S.K.: 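Let me begin by handing over the structure; questions about it come next.
As the structure is a prediction and not an experimental result, all values here were calculated from the model. Quick note: residue numbers are just sequence positions, from 1.
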Amino acid sequence: MRILIINNNMQIGGVQKALRNLLHQIHGLYDITLFLFHPVGELMDDIPEDVKVLSPKSAVRFWGMGRNEVRSRKDALSRSVLAGITRICGRGESFKLSAICQRKFRGYDVVISFLHSGNPKAFYGGCAEFALHCTEAKKKIVFLHNDFRAIQGVSAYNRRLYSSFDYIAACSEGCRDAFLKEYPELKNKAIVIPNCYDFGNVASLAEKAPVCLNQNAFHILTAARFGKEKGILRAIRVVAGLVEKFPELQYDIAGEGREFEDAKKMIRDLRLETNVCLLGELKNPYGYMKAVDLLLVSSFAEAAPLVIGEAASLGTPVLSTETSSSVEMIERTGYGWVCKNSEEGLRNSLQTILEHPALAREKKTELLNRKFTDSEAVSSFLKLMAECEKEGI
């Protein structure tokens, strides 16, 4: 089978890591071409050698670039115009304009849009539009890596867009259910294909970057982009309310983003320099992830973050706010605990764990004795490809 997979770039991010992990599981089984709007990112070197990588020369490339990645004044102007048209007229009209000079891809059995589409007025996505309008294939699939309501994706435009695909592959039951609450008529097209983790690589990376921590402290880690939806500022406020009673609490945060400076100021204003440490962007966070006592996911909204399974596979239990997939991914699997999605919920659950640290130690021992595999995710993908092959005959 000839498969064309479309994505924006290979920067470090949940979608890109999930794509990298999937490619490592399926390359060699199919003839795979990866089409990247902007072929850059830390994960480019991780693409298997037998996967062909293509990129556009048309204005479609701007859909894979951030503003800070544009190199020429002409390109900066072109990208700004497209972004402005998107805000005024929507993603559909803007993408049509950017793809005027884009050649069409033909001869594929399956085309996959791996990046989801969100708010129609946001200059983000475009992979679904490319799959529909710039390719020909027997079957077309769009992946869903988000809580569709949380990203303001609900619209008549996205309803038409997603209904045009043969399959809609959600990365979790929670993401699928959230999507179908808005578009129940697409139930027969929506399936679940869990993300791949590449657990062997996670373990290897942790071994390459060992971290020794103070055994007298209770170490909590958040590894996330400093975006508003991640709830990092409220997590810092919660820690501020706990350190007087639990001075042994150490909260480390790995990542960068728009709220990084706000977090730095909050730590200074609340005099938390002893208890809260901003680690910045870690190319390899897995040594830290393995060494800490707890992974904290403080998000207001999440889909199915890879960091949950990664931490659990390293023996680190997880505490997460309740989001679309947290109960499914954490409570049902026994990876840790889920609390109410509020500062009070975070505070109460963290306090319980700090008062009974044996809970985290017992959970760590249990996780270390488990075997983690990608078999469910891979078999789900292979089953879908077999179905596409059968239907395409």
Side-chain angles (χ1 to χ4, degrees), residues 1-10 15-41 43-58 60-61 63-64 95 98-117 125-145 161-171 188-196 198 374-393:
M1 291 179 68
R2 297 190 69 210
I3 300 175
L4 176 66
I5 302 177
I6 304 154
N7 205 53
N8 57 348
N9 55 50
M10 290 301 284
V15 173
Q16 289 82 357
K17 286 171 67 178
L19 174 56
R20 183 270 312 273
N21 296 343
L22 176 64
L23 289 173
H24 276 271
Q25 294 289 345
I26 65 172
H27 78 101
L29 301 176
Y30 309 103
D31 178 355
I32 301 173
T33 299
L34 177 61
F35 187 86
L36 297 172
F37 290 165
H38 189 40
V40 301
L43 300 178
M44 285 295 297
D45 292 339
D46 292 345
I47 298 172
E49 290 183 3
D50 57 341
V51 173
K52 295 185 288 292
V53 179
L54 301 176
S55 58
K57 294 181 180 179
S58 67
V60 168
R61 68 186 188 277
W63 289 85
F95 188 84
S98 63
I100 285 176
C101 298
Q102 177 61 49
R103 73 179 180 90
K104 204 160 193 173
F105 285 79
R106 295 179 171 87
Y108 289 93
D109 298 294
V110 177
V111 168
I112 297 173
S113 165
F114 204 76
L115 185 69
H116 50 261
S117 296
C127 293
E129 285 83 358
F130 190 94
L132 289 177
H133 306 305
C134 301
T135 73
E136 288 183 1
K138 297 172 184 176
K139 294 292 177 181
K140 295 187 178 182
I141 302 165
V142 59
F143 271 66
L144 190 63
H145 293 276
L161 185 76
Y162 278 81
S163 65
S164 300
F165 284 87
D166 297 291
Y167 290 99
I168 302 161
C171 62
N188 292 335
K189 293 188 175 191
I191 60 174
V192 175
I193 297 184
N195 286 326
C196 288
D198 198 354
D374 280 315
S375 58
E376 180 187 355
V378 174
S379 63
S380 297
F381 185 86
L382 297 182
K383 181 180 178 181
L384 176 57
M385 292 302 101
E387 195 67 25
C388 288
E389 187 173 26
K390 185 173 75 172
E391 292 175 0
I393 294 174

S.K.: For the OH atom of Y108 and the CZ atom of F35, what is their distance to the nearest 0.5 Å?
M.R.: 9.5 Å
S.K.: What orientation do F381 and Y30 show, parallel under 30°, tilted 30 to 60°, or perpendicular over 60°?
M.R.: perpendicular
S.K.: Can you list everything that forms a ring-ring contact (aromatic ring centres under 6.0 Å, His included) with F114? Sequence neighbours excluded, please.
M.R.: F143, H145
S.K.: Is the side chain of S58 donor-acceptor paired with the backbone N or O of Q102 at a distance under 3.5 Å, no angle test?
M.R.: no
S.K.: Rounded to the nearest 0.5 Å, how far does CD1 of I3 lie from CG of L29?
M.R.: 9.0 Å
S.K.: How about K52: does its NZ atom have over 12 heavy atoms from other parts shown lying under 6.0 Å from it?
M.R.: yes
S.K.: Tell me whether R2 contacts the main-chain N or O of G107 through its side chain, where contact means a donor paired with an acceptor under 3.5 Å.
M.R.: yes
S.K.: Hey, does the side chain of K189 reach the backbone of S163 with a donor-acceptor pair shorter than 3.5 angstrom?
M.R.: yes
S.K.: Would you give the length of the straight line joining atom CG of D50 to atom CG of L23, rounded to the nearest 0.5 angstrom?
M.R.: 9.5 Å
S.K.: Donor-acceptor pair, R20 side chain versus Q16 backbone, under 3.5 Å?
M.R.: no
S.K.: What's the shortest heavy-atom distance between K140 and L132, and which atoms?
M.R.: NZ-O, 3.3 Å
S.K.: If you compare all heavy atoms of S98 against all heavy atoms of W63, which two are closest, and at what distance to 0.1 Å?
M.R.: OG-NE1, 3.1 Å
S.K.: Within the supplied structure, the quantity of interest is the number of heavy atoms (other residues, nucleotides, ligands) at a distance under 6.0 Å from K57 NZ; does it exceed 12?
M.R.: no
S.K.: Do you know which of I191, N188, V142 makes side chain to side chain contact (heavy atoms under 4.5 Å, CB included) with I168?
M.R.: V142
S.K.: Distance-only, no hydrogens or angles: does the D374 side chain make a donor-acceptor pair with backbone N or O of D198 under 3.5 Å?
M.R.: yes
S.K.: Heavy-atom count around E136 CD within 6.0 Å, excluding the residue itself: above 12?
M.R.: yes
S.K.: Any chance you could measure L384, atom CG, to I193, atom CD1, to the nearest 0.5 Å?
M.R.: 4.5 Å
S.K.: Within the structure provided, determine whether S117 and L161 are in side-chain contact (heavy-atom separation under 4.5 Å).
M.R.: yes
